[in-house]
Amino acid sequence: MQGEILFLCVTVFTAGFAIAIGVIFPALGQGKACSKALEGIARQPEATGPISRTLFVGLALLESLAIYVLVVSLILLFANPLLKYVFK
Amino acid sequence: MQGEILFLCVTVFTAGFAIAIGVIFPALGQGKACSKALEGIARQPEATGPISRTLFVGLALLESLAIYVLVVSLILLFANPLLKYVFK
Amino acid sequence: MQGEILFLCVTVFTAGFAIAIGVIFPALGQGKACSKALEGIARQPEATGPISRTLFVGLALLESLAIYVLVVSLILLFANPLLKYVFK
Amino acid sequence: MQGEILFLCVTVFTAGFAIAIGVIFPALGQGKACSKALEGIARQPEATGPISRTLFVGLALLESLAIYVLVVSLILLFANPLLKYVFK
Amino acid sequence: MQGEILFLCVTVFTAGFAIAIGVIFPALGQGKACSKALEGIARQPEATGPISRTLFVGLALLESLAIYVLVVSLILLFANPLLKYVFK
């Protein structure tokens with residue numbers, strides 16, 4: 001039984017820390033993009049339209065990076081295809 | 001029984017530290033975005049409308065990153081799909 | 001049975017952390033490119049067209065880098081060609 | 001059987017982390033090139049043509065670096081020529 | 001059998017990480033060269049011809065560095081001349 005427990009421990013550890021590490025840099029990127037956009041709007045309020053359109057595309061792509069990690073985390077927990085090899 | 005205890009320890013450890021690490025950088029990003037927005041409003045009070053709209057979208061997306069980590073943490077604690085393999 | 005368990009543990013660990021590490025630098029790159037584009041639009045709103053076209057090409061290529069890592073992660077989990085050697 | 005398992009573990013670990021590490025610096029390079037191009041277009045919108053042509057060549061070459069790593073990762077997983085020595 | 005397995009493990013590990021590490025500095029170099037060229041074109045658009053010719057020679061030479069690593073990786077995997085000493 002010990003080997004199966006080890007497998008489950010590694011799975012839990014990986015799922016949790018992967019998402020924790022995976023949001024770090026998308027968060028930094030979104031924070032940076034956002035702060036530049038706000039700076040720009042403050043300097044030129046009439047450019048709000050193009051600035052916010054561009055910002056939203058960038059934020060969406062950064063968000064997608066974090067979602068990739070979330071998808072892998074949830075697969076590890078809920079649909080781990082390797083479980084069937086451990087518990088035959 | 002020792003293996004099951006190990007599994008539970010790893011789960012608790014992962015759930016706790018994942019959310020602790022996971023809020024670090026969304027917090028930095030929101031702090032940065034927020035401080036830039038306040039700077040901008042202070043410089044151009046008439047631009048308050050577009051600045052705060054843009055800020056709120058950015059804060060919401062940064063918030064979502066932390067929520068992903070929270071979801072994985074809560075799943076690990078309350079709906080851990082791997083528990084049934086440990087305690088059959 | 002222990003060797004097979006080890007193989008599965010390594011697979012899970014690799015799939016999770018590869019994607020977590022793999023989004024770090026595309027995220028930094030997208031954040032940087034995005035913030036420069038917003039700066040540029042704020043300085044010259046009439047150049048919004050060429051700036052955002054150029055930005056979107058760059059964001060797409062950075063996104064593709066993260067997708068390469070995602071593909072390898074998902075292959076490791078769902079279509080790992082080495083599994084058949086472990087479980088003959 | 002232990003030696004063969006070790007070989008497969010090393011293969012999986014290498015394939016996953018090689019691609020994760022391999023996209024780091026192409027991503028940094030693309031982010032840097034992209035941000036400079038956007039800076040340039042913002043300063044001289046009339047130079048958009050030559051700037052974006054030059055940028056796209058650079059992005060393509062940086063992309064190719066990441067693709068080299070992807071190719072080696074996929075060879076390790078799907079067409080590993082050394083497997084036949086392990087499983088004779 | 002253990003020694004042969006070790007040899008194959010080292011080969012796989014080396015082939016994978018060599019290409020991952022080997023693209024680091026060509027990528028940094030290309031990113032830097034590219035960003036300087038774009039800076040130059042933005043400052044002096046009429047010098048686009050000589051700047052991009054010079055840039056392309058530089059990018060090609062940097063690319064060749066990464067290709068050397070790729071060649072060694074592929075030789076290690078597909079045409080390793082040392083294999084015949086291990087498997088006599």
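Each chain gets a letter, A, B and so on, in the order the sequences are listed, and its residues count up from 1.
At a threshold of 4.5 Å between non-hydrogen side-chain atoms, the residues C/Thr11 and C/Asn80 count as touching. When side chains are defined from C-beta on, A/Tyr68 counts as touching C/Ile67, because their heavy atoms get closer than 4.5 Å.
Of the atoms belonging to C/Leu55, it is side-chain heavy atoms, and not backbone ones, that fall under 4.5 Å from chain A. Interface remark: C/Phe25 contributes no atoms to any contact with chain A (heavy atom separation under 4.5 Å). For C/Leu83, the part lying under 4.5 angstrom from a heavy atom of chain A is the side chain only. With a threshold of 4.5 angstrom between heavy atoms, C/Leu62 does not approach chain A through any atom at all. Using a 4.5 Å cut-off between heavy atoms, C/Leu70 contacts chain A through its side chain alone, with no backbone atom that close.
Here A/Glu4 contributes atom CD and C/Glu4 contributes atom CD; the two are 10.5 Å apart, rounded to the nearest 0.5 Å. The line from CD1 of A/Ile41 to CD of A/Glu46 is 11.0 Å long, rounded to the nearest 0.5 Å. Separating the CZ atom in A/Phe13 from the CZ atom in C/Phe17 is a distance of 5.0 Å, to the nearest 0.5 Å.
In terms of heavy-atom pairs under 4.5 angstrom with chain A, the leader among C/Leu8, C/Val69, C/Leu74, C/Thr48 is C/Leu8. Contact tally against chain A (heavy-atom pairs below 4.5 Å) for C/Gly22, C/Ala66, C/Ala60, C/Ser35: the top residue is C/Ser35. Annotation: maximal heavy-atom pairing with chain A below 4.5 Å, among C/Ile21, C/Ile24, C/Thr14, occurs at C/Ile24. The candidate with the highest count of non-hydrogen atom pairs below 4.5 Å against chain C, out of A/Gly40, A/Pro26, A/Ala33, A/Gly29, is A/Ala33. The choice from A/Val71, A/Thr54, A/Leu61, A/Ile75 that makes the most heavy-atom pairs within less than 4.5 Å of chain C is A/Leu61.
Of the possible polar contacts, one joining the A/Ser73 side chain to the A/Ala15 backbone as a donor-acceptor pair under 3.5 Å is found.
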message: Checking C/Gln30 against C/Glu63 for the side-chain contact (heavy atoms from CB on, under 4.5 Å) test, could you report, in this order, the C-alpha distance in whole Å, the side-chain angles of both residues, the deciding distance, and whether it holds?
response: CA-CA 8 Å; C/Gln30 287 188 346; C/Glu63 194 74 20; 2.9 Å; yes
